[in-house]
Novice: 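For reference, the structure I am asking about is given below.
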Amino acid sequence: MEVYIVGICIAVCGNFLISISLNIQKYTHMRQSQRGTSPYYTSRLWWCGILLMGLGELGNFAAYGFAPASLIAPLGCVSVIASAVISVVFLKETLRASDILGGALALTGTYFLVTFAPHSSPHVTANMVERSLVSWLFLIYFSFEAILFAILMYLYKCRNMKHIVIIMVMVALLASVTVISVKAVSGMITETIRGSHLQLTYPIFYIMFVIMIVSCAFQIKCLLAFTGVFLIARARPRIKMDSVFISMGQIPGKSCTDKVQPQPDDNKYGALASKFTCNSGIQQDEP
């Protein structure tokens with residue numbers, strides 16, 4: 001079996017595990033919302049989903065050591081398609097025509113990328129990484145990416161332009177740095193395991209490792225926000241929302257409850273959405 005096929009198989013399995021973990025977490029949110037029990041992060045099932053996500057990401061990391069990055073990165077489409085299928089079958093979500101069209105386009109693009117991408121790559125060594133980082137091609141590419149990221153960050157922070165396209169482009173720019181650093185780190189680890197030459201003694205290995213961690217950390221800033229909210233709110237008592245809103249001048253006869261997310265039959269709910277849903281009361285005041 002070709003080495004790149006091993007990388008493809010590992011990446012597909014890893015992304016499939018990620019799709020399962022996302023649906024497990026979503027199911028946990030829905031169940032906790034319906035039952036009104038303890039928070040989702042106290043559920044063992046939710047932590048099982050987190051564990052599966054970690055295993056899937058570890059598989060993606062290992063896959064970069066067996067195949068080129070241009071072959072492994074597009075396989076993230078597997079996670080998107082598998083998540084859509086699992087959510088429809090097990091979570092009873094609605095499958096729209098736009099979902100089918102988007103999935104078909106994603107599969108088609110992935111097929112062409114995997115088919116025509118190079119199936120072999122040179123062995124990644126510390127010396128090769130050092131030469132690549134000081135080459136003119138990489139310096140021009142990285143300078144352009146840094147300038148574009150700085151412009152987008154200025155628009156996002158200073159001009160308060162919160163458009164989803166700006167956010168997604170910034171994440172994509174960071175993800176490109178992550179892919180490069182992951183490929184370098186995993187490639188050097190693979191060479192070390194093969195026994196050809198010990199790569200972990202070179203400073204460039206640790207430099208690329210730090211770059212990988214930092215770029216990943218910026219992409220999981222939602223995780224940092226969750227940790228902060230959890231630490232702040234874990235010791236606070238539960239507040240009855242009815243009394244709070246009535247004290248703020250809400251019209252009597254209407255009740256409001258806070259939920260992690262709406263009922264599953266509402267097509268607007270999200271995996272990690274958190275919002276207040278107000279329901280009109282059963283009894284109405286006579287005019």
Novice: Does any non-hydrogen side-chain atom of Phe90 lie less than 4.5 Å from one of Asn23?
Specialist: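 With C-beta onward as the side chain, the pair stays apart.
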Novice: Quick check: closest heavy atoms across Ser19 and Ser83, and the distance to 0.1 Å?
Specialist: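 Residues Ser19 and Ser83, closest heavy atoms: CB-OG, 3.1 Å.
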Novice: Look up atom OH in Tyr154 and atom CZ in Arg159, then write down how far apart they are to the nearest 0.5 Å.
Specialist: 3.5 Å
Novice: How many angstroms lie between atom OG of Ser79 and atom CE of Met53, to the nearest 0.5 angstrom?
Specialist: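 The CE atom of Met53 is 7.5 Å from OG of Ser79, to the nearest 0.5 Å.
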Novice: Do the side chain of Asn15 and the main chain of Leu75 share a donor and acceptor less than 3.5 angstrom apart?
Specialist: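 Side chain of Asn15 to backbone of Leu75, a donor-acceptor pair under 3.5 Å: yes, one is there.
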Novice: Take atom CZ of Phe205 as the centre, draw a 6.0 Å sphere, and report whether it contains more than 12 heavy atoms from other residues, nucleotides or ligands.
Specialist: yes
Novice: Ignoring hydrogens, what is the shortest heavy-atom contact between Met188 and Thr192? Give both atom names and the distance.
Specialist: O-OG1, 2.9 Å
Novice: Apply side-chain contact (heavy atoms from CB on, under 4.5 Å) to residues Leu152 and Leu173 and explain how you reach the verdict.
Specialist: CA-CA 10 Å; Leu152 293 175; Leu173 292 174; 4.1 Å; yes
Novice: Please report the closest heavy-atom contact between Ala11 and Asn60, naming both atoms and the distance.
Specialist: O-OD1, 3.5 Å
Novice: Applying the 4.5 Å side-chain criterion to the ILVMFWY set and letting contacts propagate, would Ile151 and Leu174 be lumped into a single cluster?
Specialist: yes
Novice: So, does Gln199 use its side chain to make a donor-acceptor pair with the main chain of Ala126 at under 3.5 Å?
Specialist: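 Checked: pair present.
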Novice: Could you tell me the separation between the OH atom of Tyr202 and the OG1 atom of Thr125, rounded to the nearest 0.5 Å?
Specialist: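 With rounding to 0.5 Å, OH (Tyr202) is 8.0 Å from OG1 (Thr125).
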Novice: Here's a test for you: under side-chain contact (heavy atoms from CB on, under 4.5 Å), which of Ile5, Val6, Val12 qualifies with Cys9?
Specialist: Ile5
Novice: Quick one: CZ on Phe209 to CD1 on Ile204, what's the gap to the nearest 0.5 Å?
Specialist: 14.0 Å
Novice: Let's go through Trp47 and Leu51 carefully: what are the C-alpha distance in whole Å and the side-chain angles of both, what is the deciding distance for side-chain contact (heavy atoms from CB on, under 4.5 Å) to 0.1 Å, and is it a yes or a no?
Specialist: CA-CA 6 Å; Trp47 286 107; Leu51 179 61; over 6 Å; no
Novice: Hey, quick one: are Ile8 and Val179 part of the same hydrophobic cluster, counting side-chain heavy atoms closer than 4.5 Å, chains of contacts allowed?
Specialist: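 Per the 4.5 Å side-chain linkage, Ile8 and Val179 are co-clustered.
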Novice: Can you name the nearest heavy-atom pair linking Ser181 to Ser215, along with the distance?
Specialist: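 Nearest heavy atoms, Ser181 then Ser215: OG-OG, 4.3 Å.
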Novice: Is the OH atom of Tyr27 crowded by more than 12 outside heavy atoms at less than 6.0 Å?
Specialist: no
Novice: May I ask you to decide if the ring planes of Phe138 and Tyr141 are parallel, tilted or perpendicular, using 30° and 60° as cut-offs?
Specialist: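 Taking Tyr141 first and then Phe138, their aromatic rings sit tilted (interplane angle of 30° to 60°).
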Novice: Are Met128 and Leu139 connected into the same hydrophobic cluster when the rule is that any two of I, L, V, M, F, W, Y join if their side-chain heavy atoms are below 4.5 Å apart?
Specialist: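 No: no chain of side-chain contacts under 4.5 Å links Leu139 to Met128.
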Novice: How close do Ile81 and Gly103 get, counting heavy atoms only, and between which atoms?
Specialist: CD1-CA, 3.5 Å
Novice: Less than 4.5 Å apart, side chain to side chain, heavy atoms only: is that true for Tyr206 and Leu200?
Specialist: yes
Novice: Check whether Leu55 and Ile86 end up in the same hydrophobic cluster, where Ile, Leu, Val, Met, Phe, Trp and Tyr are linked by side-chain heavy atoms less than 4.5 Å apart.
Specialist: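 Yes; Ile86 is reachable from Leu55 via cluster members.
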Novice: How many angstroms lie between CZ in Phe61 and CD1 in Ile189, if you round to the nearest 0.5 Å?
Specialist: 4.0 Å
Novice: Give, for atom OH of Tyr64 and atom CG of Leu71, the distance between the pair rounded to the nearest 0.5 Å.
Specialist: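 If we round to the nearest 0.5 Å, Tyr64:OH and Leu71:CG are 10.0 Å apart.
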Novice: Does the Lys183 side chain pair with the main chain of Ala67, one donor and one acceptor, at a distance under 3.5 Å?
Specialist: yes
Novice: Kindly give the heavy-atom pair with the smallest separation between Ile18 and Ser21, and that separation in Å.
Specialist: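 In this case the closest contact between Ile18 and Ser21 is O-OG, 2.6 Å.
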Novice: Using modelled atom types and a 3.5 Å cut-off, is there a donor and acceptor pairing between side-chain atoms of Ser143 and backbone atoms of Ile140?
Specialist: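 Looks like no, no N/O pair under 3.5 Å.
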Novice: Between Thr115 (side chain) and Phe112 (backbone), is there a donor-acceptor pair under 3.5 Å?
Specialist: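 Between the backbone of Phe112 and the side chain of Thr115 there is no qualifying donor-acceptor contact (under 3.5 Å).
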Novice: Side chains of Ser176 and Glu145 only: does a donor on one sit below 3.5 Å from an acceptor on the other?
Specialist: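 Yes - a donor-acceptor pair under 3.5 Å links their side chains.
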Novice: Are Leu107 and Leu101 grouped together when hydrophobic residues (ILVMFWY) are joined by side-chain heavy atoms under 4.5 angstrom apart?
Specialist: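 The answer is no; the residues belong to distinct hydrophobic clusters.
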